[in-house]
Amino acid sequence: MVDFKKMSKRTSPNGYSYFRELTFREDYYSHVPTRYLVVDTETTGTKLFQGCQAFAVSAVDHKGEAWFWRFKVNAKTRNVIVDRDKLKDIEEVVSSYSHHVFHHGKFDVRALQTIGIDLTKLQDFWLGFRDTLLYSHVCDSTEDHGLKDLAKKYLNVSNDDEEALHAAVIKARRANKKLGNSTAEKVQEDYFLAGAELDKYALCDVVDRTEPLFRMYVDVVRSEKLAYQVAREHALVPLVFDMESKGLRIRTKTLELERKRYERLAMEEGAKAHKIAVSSGMPKDFNPRSSQQLQALLFDKYKLPVGKFTASGANSTDAETLKDLLDGCGETSKAGKFLSSLLLSRKSYKACDYLTEYQSLCVNGIIHPSFNQTGTNTTRFSSSDPNAQNVSTKSDMPLRIVFGPRLDHYWIDADYDNLEMRLFAYACGEEELIKAFESGESVHRVIAEELNGPISTWKELNKDDWKKSPEYKRTKNGNFALIYGAGISRADATYGVSGAFDRIRKRFKKLASFMQTTIDKAKANGYVQTMFGYRLSVPQDRAYAALNYFIQGTAGCVMKYAMLAFSEDTDISKLGGSMVGTVHDELISEFKHEDEQQQLIAANSVKRAMESPGVRLGIPLTISPSVIYRDWTKPSEIKTTFVSQF
DNA sequence: GCCAATAGCCAC
DNA sequence: AAACGTGGCTATTGGC
């Protein structure tokens with residue numbers, strides 16, 4: 001087992017000071033500053049890179065003195081009409097405090113930038129920055145972190161103000177529409193149309209909600225000794241803020257060409273499917289994107305055999321089911337022709353939808369995904385507008401091709417090698433698996449041989465590439481299922497070997513006992529702690545997920561520390577490198593193109609930064625950086641020379 | 001017109 | 001009751 005107590009030394013690996021620095025800062029986050037200002041903004045929408053702006057600012061200070069400023073909004077263009085005097089006033093008040101409290105401050109700081117107020121320029125702004133959203137996640141990672149929900153739950157503040165505002169906005173929208181102005185998709189984005197209801201609501205948010213919540217959380221964090229974790233989340237905010245500002249370059253020409261290509265394919269195949277459906281007796285307005293109408297055709301008209309069911313008991317029409325049906329009825333039958341056109345058009349629609357979304361969020365060739373520190377139950381980031389963490393890598397839909405480094409720049413794209421499985425093996429202390437990791441042998445293969453016999457006896461062994469053999473692939477999936485908390489039957493089915501789960505537990509005894517202890521702990525305490533001590537509450541009715549929380553949570557922590565290391569690495573800052581995105585175990589950073597020697601320094605530095613959390617844990621986390629010149633689908637290998645010291 | 005539920009599918 | 005985790009986005013559908 002890893003001796004987590006050893007870590008209390010708070011030493012920092014490879015010369016990085018972030019662990020020590022966070023310890024120093026614990027005091028900041030477990031005490032209420034003597035003077036502070038709570039700030040909130042109201043905006044014309046959430047997409048601040050797409051023209052949405054702040055139109056109102058509310059604030060209250062430690063003494064209870066409150067302010068409210070509001071700007072006019074042009075209802076036609078949705079542009080905020082900025083009043084210079086008010087702006088000056090806001091700046092004067094805000095800059096007279098060294099501590100600023102927000103709920104989701106990253107958003108408010110960005111919102112204020114849209115009207116020309118840049119808080120990040122204030123002296124030591126990020127040091128005085130406090131965010132109740134971050135406190136909320138540290139104190140209870142699983143609960144809803146929305147300001148209204150928290151205030152209702154902990155302060156018993158009603159949502160009357162929001163309901164009144166909502167009603168007023170719906171009314172105002174109708175009037176606005178009559179004037180010929182378009183309304184936003186969501187009611188919240190039209191809050192600027194309301195009158196006094198908005199003013200009241202905005203003040204409530206700071207006076208009755210954020211300010212008292214802040215004081216409450218500081219107490220909780222002090223008494224439950226969570227300040228270190230709060231410090232870590234706060235330390236990340238400026239890095240994430242800069243990462244979002246930087247954004248990813250979109251290869252706009254490729255995007256448009258690909259979008260058109262997928263669109264054409266979607267239309268063509270959709271038309272074929274439609275024609276067949278109508279000739280089979282479906283109405284002329286038959287919509288192949290409707291699962292209900294599909295069910296009527298496939299299971300009522302064609303009488304195809306029912307496969308699996310959806311959560312609510314309907315006959316599933318997902319791709320897996322349709323492929324099975326296609327295998328069953330053959331490609332030449334009417335139903336078969338329909339199904340193959342449908343599958344292709346659906347896939348193409350999907351690609352087209354993604355690309356259309358990217359296009360709509362692209363500004364001057366750059367896209368700025370949000371990375372949300374509190375968006376998951378497990379310390380992972382979530383990403384939105386667009387979600388940069390689910391860009392298709394499929395060979396028949398390689399959408400990563402539309403993302404790439406800026407001109408005269410390259411990316412260092414590095415991901416951890418089998419991060420979660422590795423953390424699992426080391427956390428268990430399972431020597432044989434650890435040995436496999438340290439010798440570079442495939443752990444999936446070790447387990448595959450346990451379940452299927454020696455590799456030489458595998459039935460469908462592909463000699464050139466055993467990783468493509470079904471034995472290997474099934475085992476890999478099974479290992480993931482294990483980490484995800486699968487039960488016996490699901491695990492066995494995924495491994496494709498009956499009794500697989502039990503055999504693994506018998507062979508790897510420490511793995512079995514670690515799984516059980518983790519679940520027991522979660523049942524007893526209501527939470528598990530990652531290897532770095534971040535507390536993750538586990539829903540009581542789903543204790544089986546505890547292992548996943550532990551592993552995924554530890555992996556999430558690894559990435560967060562890696563990002564801290566990246567930002568304090570002097571070689572990287574000398575090269576002007578900056579992070580542009582992360583996909584859970586992958587970190588993408590951008591550097592200006594100079595020469596090969598500098599590129600090697602960049603790759604080595606990224607490797608050093610990303611491996612440093614492993615040094616701290618005593619777990620060798622290996623990463624292999626690659627270089628990207630043109631687009632995200634084409635990494636080229638770079639030989640690094642850096643070796644982490646344990 | 002508004003909203004929530006449902007289904008489907010992309011990533012790790 | 002069910003038991004494979006964490007997310008985000010779009011389209012359809014039906015209730016109010």
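Proteins get letters first, then strands, A, B, ... in listed order; numbering begins at 1 in each. Computed from a predicted structure; not experimentally measured.
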May I have the distance from N377(A) (atom CG) to dC4(C) (atom C1'), rounded to whole angstrom? 15 Å

Can you check the distance between dA3(C) and dA7(B), where both ends of the measurement are the P atom (answer in whole Å)? 15 Å

Looking at residues at least two apart in the chain, or sitting in another chain, which of them share a side chain to side chain donor-acceptor pair (under 3.5 Å) with E450(A)? R507(A)

For R232(A), enumerate each residue passing the salt bridge (charged side-chain N to carboxylate O under 4.0 Å, His left out) test, keeping only those at least two apart in sequence or located in another chain. none

Which parts of nucleotides 8-14 of chain C does protein reach within less than 4.0 Å, heavy atoms only, written one letter per nucleotide 5' to 3' as B for base, S for sugar-phosphate only and - for none? BSSSSSS

Show the atom names and distances, to 0.1 Å, of all donor-acceptor pairs under 3.5 Å that link a side chain in residues 280-288 of chain A to residues at least two apart or in another chain.
| residue | atom | partner | partner atom | Å |
| --- | --- | --- | --- | --- |
| S280(A) | OG | I276(A) | O | 2.9 |
| S280(A) | OG | Y302(A) | OH | 2.6 |
| N287(A) | OD1 | R289(A) | N | 2.8 |

Set of residues satisfying side chain to side chain donor-acceptor pair (under 3.5 Å) with respect to N315(A), sequence neighbours excluded: none

Here the distance between atom P of dT6(C) and atom CG of L547(A), to the nearest Å, is 13 Å

Can you tell me how far P of dA2(C) sits from CG of D541(A), to the nearest Å? 14 Å

Distance in angstrom units between F381(A) CZ and dG5(C) P, rounded: 23 Å

Does I623(A) reach the side chain of P625(A), with side-chain heavy atoms less than 4.5 Å apart? yes

Filter on side chain to side chain donor-acceptor pair (under 3.5 Å), then keep only pairs touching residues 478-501 of chain A, sequence neighbours left out; what's left? H444(A)-N479(A), N479(A)-Y495(A)

Roughly how many Å apart are dA5(B) and dC4(C), using the P atom of each and rounding to a whole number? 24 Å

What are the 5'-most and 3'-most nucleotides of DNA chain B lying under 4.0 Å from any heavy atom of chain A? dG1(B) to dC12(B)

Rounded to whole Å, how long is the line connecting atom CD1 of I519(A) with atom C1' of dA3(C)? 11 Å

Has R110(A) got its NZ or CZ under 6.0 Å from the middle of the six-membered ring of F241(A), at an angle within 45 degrees of the ring axis? yes

Throw together a table of side-chain donor-acceptor distances under 3.5 angstrom for residues 175-189 of chain A, partners on residues two or more places apart or in other chains.
| residue | atom | partner | partner atom | Å |
| --- | --- | --- | --- | --- |
| N176(A) | OD1 | N181(A) | ND2 | 2.9 |
| N181(A) | OD1 | K76(A) | NZ | 3.2 |

Classify the angle between the aromatic ring planes of H137(A) and H145(A) as parallel (below 30°), tilted (30 to 60°) or perpendicular (above 60°). tilted

Run the salt-bridge test on E269(A) and K272(A) with the 4.0 Å N-O cut-off and return the result as yes or no. yes

Value in whole Å for how far the P atom of dG5(C) lies from CE of M515(A): 13 Å

With sequence neighbours excluded, tell me which residues meet salt bridge (charged side-chain N to carboxylate O under 4.0 Å, His left out) with D417(A). R422(A)

Those residues at least two apart in sequence (or on a different chain) that pass salt bridge (charged side-chain N to carboxylate O under 4.0 Å, His left out) with K260(A) are E256(A)

Residue pair Y549(A), Y527(A): steps toward the ring-ring contact (aromatic ring centres under 6.0 Å, His included) verdict: CA-CA 9 Å; Y549(A) 276 53; Y527(A) 62 84; over 10 Å; no

CZ-OG distance between F299(A) and S316(A), expressed to the nearest 0.5 angstrom: 7.5 Å

Does anything in residues 158-174 of chain A reach DNA chain B, meaning a heavy atom under 4.0 Å, and if so which residues? H166(A), R173(A)

Distance, rounded to the nearest Å, where Y549(A) contributes OH and dG5(C) contributes P: 9 Å

In residues 475-502 of chain A, what residues come within less than 4.0 Å of DNA chain B, judged by heavy atoms? none

